[in-house]
S.K.: 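I have a structure I would like to understand better, so I am pasting it below and will then ask my questions one at a time.
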Amino acid sequence: MDITLVPEGPYRFRMDRCDPMRVPGVVFATRDLLPRSAGDKTLEQVANVATLPGIVRASFAMPDMHWGYGFPIGGVAATDIDAGGVVSPGGVGFDISCGVRLLAADIDREPLAPRMRRLMDLLGDTVPRGVGRGGLWKLSGRAQMEKLLVAGAGYAVEQGHGVPRDLERCEDHGALEGADPSQVGQRAVDRGLQQVGSLGSGNHFLEVQAVDRVYDAGAAGAFGLHTGQVCVMIHCGSRGLGHQVCSDHVRVMDQSLRAFGIRIPDRQLACAPVVSAPGRAYLGAMAAAANYGRANRQLLTQAARRAFATAAQAGLDLVYDVSHNTAKIETHDVDGVARPLCVHRKGATLALPSGHPDLPADLAAFGHPVLVPGTMGTASYVMVGAAGNDAFSSAAHGAGRVWSRHQALHRVRGEQLRDELESRGISVRPSSWRGLAEEAPDAYKDVDVVVRAAEGAGLARPVARLVPLGVVKG
DNA sequence: ATGTCC
C-alpha cells in the first residue's frame, strides 16, 4: 500500500485511498510529530485499519500516534454496523478502558507545600501498584464481580466507595452500556478479583499536580479549576481482567475470520461483524472490562481522598473521568445520514463539542473535558472538545511514545531520573527503577507540541495546563 | 498494557 502523506493543512495529512483500503487515512500532526524511527509501522497501521469491512469516512491518527497492536495507538476508526461493519479488539487495545481521571483539590499549591512530603509518603504507602499486585478492594467471587462489571463506578459508589456526584462526572455516568459478564471468561474474572483499586504498571500513575496556566477561564471555571490549584490525576486501566478479555476474544475472532470471509493485511486486526456472535460477545465483554476500569479509578480516587484528608485536611472533587481505549456504539452523520457506528478509540479520547446531549447539563455550554496526561517531568493538559471535529469527536490522549521501552532502558537510569525529578521539586514514589526509566520524559513527544497540534487540527481546545508536584508511579 | 511466555 502507498503510504504517501499529502498535506491538507498545517496539522493535517491525507493518505489517499488505494486498494485494499476502503477509505483514506487522515493523520493529524506536524511533520515533527510524525513517527520517524527506522522501521516504524505506525503509518502502515493507519493504512491497514482503512481496509476493515464497513469502515466509514477515514482511518484517523491523533497527534500522539505511535505503533501499537494492529491499530496504531492514537487510532480512531468507525464502522457502519448496518453495513457489515466490524469490531476489532486491536482497535481498543489490551488495556480496555484505560483512561484518566482528574480530581480538583480544595487547596492551592502554596499552602500544601509544607505538607507535600507527608502526603506523598502516605500516597506512596497506600496506592497499590506494580505488576501482578493486588488492589484495595477484594471481591468475594464471580457473583459480586458480575455486579461490578455491569455497573462500573456506579457499583463502587453504591458499595460506599465514593459519592453519587462522582458519577455525574464520569463518561457514561461510570458504566458503559451493554456489558455482558457472561462473555467474560473465568480466567479473566479470577485475575480481576483481587485487583480492583490498583494502578498496575507501565505508563500508569497517580500524580499530584498544580494548575500552571488557564487558557479558557469559562471552561476552567465550569470544570472547577483555577491557577495555583492542586489536582490529582489518575491514569490506569482494567488490569489483568481487561488483558485477558482482549486475549480471549482476539483468539476467537482470529479463528472466525474465514467464516465471515474477512481479509485483513495483519492478523492483529482480527475482527468480526458487530452483528455476529463473536462481535456481540466481544462488545459485551469489552463493556464489562471497561466498567472494571472505571470502578478501578473510583477506588483509587478514594485512596487519594483518604490521603488528602489525613495529610492536607483537603477534599477532592471529581472533575471528569475519561476512557481512552474503547469501542462504543454511537450515532454520527455520514454523508448526510445519521448512522449507528462502532467507534474504536485506541489511545484517543471522546471530545464532544458544546451543546451535545450526552454532556452533563452544567458542562453543555463548554464541551466534553479531554484529559491529556503528559509525562512525570513535563506537563498535562485539560482540553475541551471542539466543534467540527470530523474524527467522530475524538482527540489526543497523551504525549505519545517516541522511544521504545527497550530504548528508554538503554538510555535512562531510574535512580538518576528520580534524583533529577526530586531536584526539580517533583516527589517520586516509584514502583520499580526499571519501570521509572521506561517512562522517562525523554521517551515521549513534547506534550505542549501535541496539544498545540490537537488544537490546530480542530480536535480540541486547551483549557488548563497542569504541572507535576509528585508522582506515584505504577 | 500484561501473573512482561500456558
Side-chain angles (χ1 to χ4, degrees), chain A residues 42 45 64-75 88-101 128-135 138-139 145 184-206 234-252 254 268 270 282 285-286 288-290 292-294 296-297 300 322-327 344-349 373 375-376 397-401 403-410 414 430-440 443-444 473-474:
Chain A
T42 311
Q45 291 188 319
D64 53 335
M65 76 194 96
H66 56 110
W67 191 358
Y69 178 89
F71 277 55
I73 293 159
S88 172
V92 173
F94 274 83
D95 194 4
I96 295 165
S97 195
C98 179
V100 185
R101 170 176 286 222
R129 57 197 189 278
V131 183
R133 297 286 299 279
K138 317 289 186 199
L139 302 185
M145 174 65 87
V184 177
Q186 192 56 42
R187 184 185 284 194
V189 169
D190 289 342
R191 288 180 70 172
L193 285 173
Q194 309 287 312
Q195 294 187 321
V196 187
S198 63
L199 283 177
S201 63
N203 60 1
H204 294 158
F205 63 78
L206 182 151
I234 298 169
H235 179 207
C236 65
S238 50
R239 304 294 330 271
L241 183 140
H243 190 274
Q244 193 66 48
V245 163
C246 181
S247 304
D248 292 346
H249 288 263
V250 161
R251 197 183 320 113
V252 170
D254 184 68
Q268 292 184 357
Y282 171 69
M286 188 277 306
Y292 184 95
R294 287 142 183 228
N296 190 21
R297 290 192 286 276
L300 290 164
V322 298
S323 299
H324 50 227
N325 283 3
T326 58
H344 302 73
R345 292 188 186 87
K346 181 190 192 177
T349 299
T375 76
M376 61 184 119
H397 85 307
R401 286 197 86 88
W403 294 351
S404 68
R405 296 188 177 279
H406 184 78
Q407 285 172 314
L409 280 179
H410 194 68
S431 131
S432 73
W433 295 123
R434 178 189 168 152
L436 197 69
E438 286 180 350
E439 294 301 314
Y444 284 84
K473 199 67 199 75

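The analysis underlying the following values was restricted to heavy atoms, covering all of them including side chains, and did not include hydrogens, waters or symmetry mates. Note that the coordinates shown come from a computational prediction; the quantities given were computed from them, not determined experimentally.
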S.K.: What's the CD1-P distance between A:Ile73 and B:dT2, to the nearest Å?
M.R.: 13 Å
S.K.: Do the side-chain N or O atoms of A:Arg405 get closer than 4.0 angstrom to the phosphate oxygens (OP1, OP2) of B:dT4?
M.R.: no
S.K.: Between C1' on B:dT2 and CD on A:Glu438, what's the gap in Å once rounded to a whole number?
M.R.: 12 Å
S.K.: Whole angstrom is fine here: how far is it from CG in A:Leu199 over to P in B:dT2?
M.R.: 10 Å
S.K.: Rounded off to whole Å, could you give me the CZ-to-P distance for the A:Arg187 and B:dT2 pair?
M.R.: 17 Å
S.K.: Could you list the residues that satisfy side-chain hydrogen bond (donor to acceptor under 3.5 Å, both in side chains) with A:Arg129, not counting sequence neighbours?
M.R.: none
S.K.: Calculate the interatomic distance between A:Phe94 atom CZ and B:dC5 atom P; express it in whole Å.
M.R.: 12 Å
S.K.: Among all residues two or more places apart in sequence or in another chain, which pass the side chain to side chain contact (heavy atoms under 4.5 Å, CB included) test with A:Arg133?
M.R.: none
S.K.: Separation of A:Asp95 atom CG from B:dT4 atom C1', in whole Å?
M.R.: 14 Å
S.K.: Compute whether any side-chain donor of one residue and acceptor of the other, for A:Ser323 and A:Arg297, lie under 3.5 angstrom apart.
M.R.: yes
S.K.: Applying a 4.0 Å non-hydrogen cut-off, can you work out what A:Gly202 is touching in the nucleic acid: base, sugar-phosphate, or nothing?
M.R.: sugar-phosphate
S.K.: Ignoring backbone atoms, establish whether A:Ser247 has a side-chain N or O less than 4.0 Å from OP1 or OP2 of B:dT2.
M.R.: no
S.K.: Checking the side chain of A:Lys473 only, and the main-chain atoms of A:Leu206 only, is there a donor and an acceptor separated by less than 3.5 Å?
M.R.: no
S.K.: Looking for any heavy atom pair under 4.0 Å, which part of the strands does A:Gly240 touch: base, sugar-phosphate only, or nothing?
M.R.: sugar-phosphate
S.K.: Can you tell me the distance, in whole Å, between the CD atom of A:Glu439 and the P atom of B:dT4?
M.R.: 18 Å
S.K.: Would you mind reading off the distance between A:Gln244 atom CD and B:dT4 atom P, rounded to a whole angstrom?
M.R.: 12 Å
